[in-house]
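Remarks on the structure that follows.
We count ligands from 1, going down the list as the structure has it; atoms in each ligand are counted the same way. One-based numbering along the sequence shown. Small disclaimer: the values here were computed from a predicted structure and weren't measured. Computation of the quantities below employed the complete heavy-atom set of this structure, encompassing side-chain atoms and omitting hydrogens, waters and symmetry-equivalent molecules.
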Amino acid sequence: MADDLARSWLSFSLPVAAAQAAGRPIVALESTIIAHGMPYPENIRTAREVEAVIRDAGAEPATIALIGGRIRIGVTDEELELLGHSDHVHKVSRRDLPAVLASGETGATTVAGTMICAALAGIEVFVTGGIGGVHRGAPETFDISADLQELAKTSVTVVCAGAKSILDIGLTLEYLETHGVPVLSCEQDNFAAFYTRDSGFRADFRLDGAAEQARFIRTKWDLGLAGGVVLSTPVPEVSEMAVEEIDALTQQALAEATAQGIAGKAITPFVLTRIHALTNGRSLATNIALVKHNAEVGARLALALAHAGRGAREA
Ligand code: PSU
Ligand code: MN
């Protein structure tokens, strides 16, 4: 558990505080996906549905955001509305956290930002859509998401549908390997590719059951091997998009981003928004379906971790 000074910045919602006091499993959720990853009002509706999926599975959801100079662990309906509807929400990764907290402005946390806050709050499982990664063209642009460095050092398991094919998935997996981040997959051997099920790259370890996943994660952390774990699970087949379609649209959106001089942290939101528009919302439906599925997998894992023994003797 982090020290008291860091934890003084945390503010728990009543339901999350109650769950923690009762020792019930908690699942963290990010807010960048709400503020910058999906259009209004689908973003708010999805956030509520994802919270409901986690509750129905027996865990407590904790959406994480920066509001009023505090790290909020769990947000109210009004705060969710603010995150999803305001034009003045910062996208907060590790670099941006002190700026937005110190100013008291509103911030939506990325995978990296949410991992930091979840770890401070003592939450071990975090559900998102897709992780950031090494961008195509990174050998020239150096655009590598801070999510990957965070996974290297912060001990939270991130449940995702892989990484979007707007990234270089091969290089993303290489980067994770270099930093000792295990990539687990459930339901298939390969790492998932967000809108589509198969990235064409094998995950490191296939573990289909929540109990096995929990055992792996406990073992890593028991050994003092600090850092995150990626758990990839593919979008349900009925909601999957066609590979050729998504590849073509991705190329187009990236070309538009380059032509318009979009760079840095604005690229991912720009490309997501363009793909949603170019598919008349079909990609959004896929995005929503995969996040809900991730929430089911994440909630099961949180329950299993709550029951997983510590140390070799309890195996
Ligand atoms: N992937 C999505 N939707 C998102 C993101 C990724 O499908 O909203 C967000 C996540 O918050 C992720 C961030 O952490 O984008 C990565 O941004 P960047 O590439 O600028 O690090
Ligand atoms: Mn980037």
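By the 3.5 Å distance cut-off applied to N or O atoms, Gly37 is not counted among the residues near ligand 1.
Side-chain contact annotation: Glu42 with Thr46, donor-acceptor N/O pair under 3.5 Å absent.
Side-chain atoms of Asp222 come within 3.5 Å of backbone N or O of Gly311 as a donor-acceptor pair. Panel note: side chain Arg24, backbone Ala59; no donor-acceptor pair is recorded below 3.5 Å. Formation of a donor-acceptor pair under 3.5 Å by the Ser11 side chain with backbone atoms of Arg72 is not found in this model. Between the side chain of His36 and the backbone N or O of Val89, at least one donor-acceptor pair lies under 3.5 Å.
Of the protein's non-hydrogen atoms, Lys164 NZ, 3.0 Å is the one closest to atom 2 (C) of ligand 1. Looking at atom 19 (O) of ligand 1, its nearest protein heavy atom turns out to be Thr268 OG1, 3.1 Å. The protein non-hydrogen atom at the shortest distance from atom 9 (C) of ligand 1 is Thr32 CG2, 3.9 Å. For atom 3 (N) of ligand 1, the closest non-hydrogen atom on the protein side is Leu272 CD1, 3.3 Å. Of the protein's non-hydrogen atoms, Ser145 OG, 2.7 Å is the one closest to atom 21 (O) of ligand 1.
Under the 4.5 Å side-chain criterion, counting only non-hydrogen atoms from C-beta, Glu81 is in contact with Tyr40.
Heavy atoms of Met38 stay at 4.0 angstrom or farther from ligand 1. Assignment of His36 to the shell around ligand 1 is not supported, since no heavy atom sits closer than 4.0 Å. Look at Gly130 and you'll find a heavy atom under 4.0 Å from some atom of ligand 1.
When heavy-atom distances to ligand 1 are checked against a 4.0 Å cut-off, Thr110 comes that close through both its backbone and its side chain. Only the side chain of Asp147 comes within contact range of ligand 1, with a heavy atom under 4.0 Å; no backbone atom does. Of all the heavy atoms of Asn287, none lies under 4.0 Å from any atom of ligand 1, so neither backbone nor side chain is involved.
Looking at Lys91, Lys265, Glu30, it is Lys91 that brings a heavy atom closest to atom 17 (O) of ligand 1.
Clustering ILVMFWY residues whenever any of their side-chain heavy atoms sit less than 4.5 angstrom apart, transitively, puts Val183 in the very cluster that holds Met115. Clustering ILVMFWY residues whenever any of their side-chain heavy atoms sit less than 4.5 angstrom apart, transitively, puts Leu148 in the very cluster that holds Phe191.
Residue Asp143 approaches the Mn ion (ligand 2) most closely through its N/O/S atom OD1.
Those atoms of ligand 1 that come under 4.0 Å of a heavy atom in His135, given as number and element, are 19 (O).
Ser199 pairs by the side chain to side chain donor-acceptor pair (under 3.5 Å) definition with nothing, not counting sequence neighbours.
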Report, one line per pair, each donor and acceptor closer than 3.5 Å where one atom sits in a side chain of residues 254-270; sequence neighbours left out.
unit_1: Glu256; atom_1: OE1; unit_2: Arg274; atom_2: NE; d: 2.5
unit_1: Glu256; atom_1: OE1; unit_2: Arg274; atom_2: NH2; d: 3.3
unit_1: Glu256; atom_1: OE2; unit_2: Gln252; atom_2: NE2; d: 3.2
unit_1: Glu256; atom_1: OE2; unit_2: Arg274; atom_2: NH2; d: 3.2
unit_1: Thr258; atom_1: OG1; unit_2: Leu254; atom_2: O; d: 3.0
unit_1: Lys265; atom_1: NZ; unit_2: Lys91; atom_2: O; d: 2.9

